[in-house]
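Report on the following structure.
Positions are given from 1, in the same order as the sequence printed here.
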Amino acid sequence: MNGYWMRLEKGLDNLPDAKLLRQAVFVEEQGFHDEFDETDPAAYHLVIYRNETPAATGRVFEKEPGHFIIGRVAVAKRLRGEGYGRLVMNTLENQARVMGAGSVSLSAQLQARGFYEALGYQAYGKVYLDQGCPHISMRKAL
């Protein structure tokens, strides 16, 4: 993973590459329809670049005092398996800590459960469908 750099901004207005990555991964590749929401303006968004190319993105926001939500984690298809997802998660967890988080949670696509478990997340509750895709709630103490 040589030659990467990052941008972290509040809201999506200054990070059009976050929108492009989410559109490519969640809407075009995976078929989700309700990708952008009312949380986007208040959340901190991260884009990781490989040289000048957007490689990965994600967001973090405070749900309640001391508890944050990480979501919309996406890696460009051609760069999966190279460590960008882990880098997104570590960076967003650190941002949550800076903002006072004691814990974080996320809604994981069931096929990504093992990835999040390897990062220390624990599943809870039952599997549920989000736009027809099986998901599981997961959390981690920071």
Side-chain angles (χ1 to χ4, degrees), residues 1-50 53-142:
M1 265 188 11
N2 294 329
Y4 77 86
W5 57 282
M6 301 182 234
R7 282 190 62 199
L8 181 70
E9 302 269 348
K10 188 170 185 180
L12 276 176
D13 291 342
N14 294 322
L15 285 177
D17 290 329
K19 288 182 183 178
L20 291 173
L21 276 169
R22 286 169 55 183
Q23 178 73 26
V25 172
F26 295 121
V27 178
E28 295 166 18
E29 183 183 331
Q30 298 181 357
F32 289 93
H33 301 289
D34 300 323
E35 174 53 24
F36 302 97
D37 60 24
E38 68 282 348
T39 303
D40 281 327
Y44 281 85
H45 299 264
L46 172 70
V47 177
I48 298 174
Y49 293 86
R50 178 180 184 169
T53 304
T57 190
R59 74 178 186 185
V60 63
F61 62 93
E62 188 172 29
K63 178 73 171 173
E64 56 193 47
H67 185 75
F68 286 68
I69 306 291
I70 291 177
R72 304 308 204 260
V73 175
V75 177
K77 191 172 188 174
R78 71 191 180 291
L79 298 174
R80 291 183 192 149
E82 295 189 24
Y84 289 101
R86 179 178 294 272
L87 184 56
V88 167
M89 292 302 296
N90 290 341
T91 304
L92 293 177
E93 287 174 7
N94 287 337
Q95 179 64 26
R97 280 186 195 94
V98 166
M99 296 188 299
S103 63
V104 290
S105 62
L106 53 84
S107 174
Q109 290 183 21
L110 204 53
Q111 53 89 17
R113 179 178 178 166
F115 167 75
Y116 293 111
E117 286 175 337
L119 296 174
Y121 286 81
Q122 295 182 329
Y124 66 94
K126 295 184 180 201
V127 173
Y128 59 93
L129 294 179
D130 182 352
Q131 295 187 54
C133 179
H135 281 69
I136 187 82
S137 295
M138 303 187 81
R139 65 180 156 226
K140 178 180 180 178
L142 295 180

For this session: Compare all side-chain heavy atoms of M99 with those of V60 and state whether any distance is below 4.5 angstrom.
Result: yes

Problem set entry | Heavy-atom pair of closest approach, residues P54 and A76 | O-CB, 4.2 Å

For this session: Return the minimal non-hydrogen interatomic distance between F68 and G100, and the atom names on each side.
Result: CE1-C, 4.2 Å

Exercise. Measuring from I136:CD1 to R113:CZ, what's the distance to the nearest 0.5 Å?
Worked result: 5.5 Å

Exercise. Between the main-chain N or O of V75 and the side-chain N or O of R80, is there a donor-acceptor pair closer than 3.5 Å?
Worked result: yes

Exercise. How many angstroms lie between CD in E35 and CD in E28, if you round to the nearest 0.5 Å?
Worked result: 11.0 Å

Exercise. Hey, are the side chains of L129 and P134 touching, using non-hydrogen atoms and a 4.5 Å cut-off?
Worked result: yes

Exercise. Does the side chain of Y4 reach to within under 4.5 Å of the side chain of L79, using non-hydrogen atoms?
Worked result: no

Problem set entry | From CZ (F115) to CE (M89), nearest 0.5 Å | 6.0 Å

Problem set entry | Nearest heavy atoms of L15 and L46, plus distance in Å | CD1-N, 4.5 Å

For this session: List in chain and number order the residues that pass side chain to side chain donor-acceptor pair (under 3.5 Å) with K19, two or more places apart in sequence or in another chain; answer none if no residue qualifies.
Result: none

Problem set entry | N14 backbone acceptor or donor facing R7 side chain under 3.5 Å | yes

Problem set entry | Residue among E93, Q122, E117 satisfying side-chain hydrogen bond (donor to acceptor under 3.5 Å, both in side chains) with K140 | E93

For this session: Grab the two heavy atoms, one from H135 and one from C133, that are nearest each other, plus how far apart they are.
Result: ND1-O, 2.8 Å

For this session: Search all heavy atoms of A55 against all heavy atoms of L21 and return the closest pair with its distance.
Result: C-CD1, 4.0 Å

Exercise. Atom CG of L8 and atom CG of L92: how far apart are they, to the nearest 0.5 Å?
Worked result: 7.0 Å

Problem set entry | CA sep, side-chain torsions, deciding dist, call: M6, L87, side chain to side chain contact (heavy atoms under 4.5 Å, CB included) | CA-CA 10 Å; M6 301 182 234; L87 184 56; 4.1 Å; yes

Exercise. When rounded to the nearest 0.5 angstrom, what distance separates CD1 in I69 from OG1 in T39?
Worked result: 9.5 Å

Seminar exercise, completed: Here the pair of heavy atoms bringing A43 nearest to R59 is CB-CD, 4.0 Å

Exercise. Just by distance, do the side chain of D37 and the backbone of D40 share a donor-acceptor pair under 3.5 Å?
Worked result: yes

Problem set entry | Chi angles and distances behind the side chain to side chain contact (heavy atoms under 4.5 Å, CB included) call for I70, Y116 | CA-CA 11 Å; I70 291 177; Y116 293 111; over 6 Å; no

Exercise. Under the side-chain contact (heavy atoms from CB on, under 4.5 Å) test, which residues partner R139, sequence neighbours left out?
Worked result: S105, Y124

For this session: Answer yes or no: is there a side-chain heavy-atom contact under 4.5 Å between L12 and F36?
Result: yes

Seminar exercise, completed: When rounded to the nearest 0.5 Å, the distance separating CG of D17 from NE2 of H45 is 13.5 Å

For this session: Please identify each residue that fulfils side-chain contact (heavy atoms from CB on, under 4.5 Å) with Q30, with sequence neighbours left out.
Result: V25, F26, F32, Q109

For this session: Mark yes or no for whether R86, through its side chain, and L119, through its backbone, hold a donor-acceptor pair below 3.5 Å.
Result: no

Exercise. R78 versus R50: any side-chain heavy-atom pair under 4.5 Å?
Worked result: no

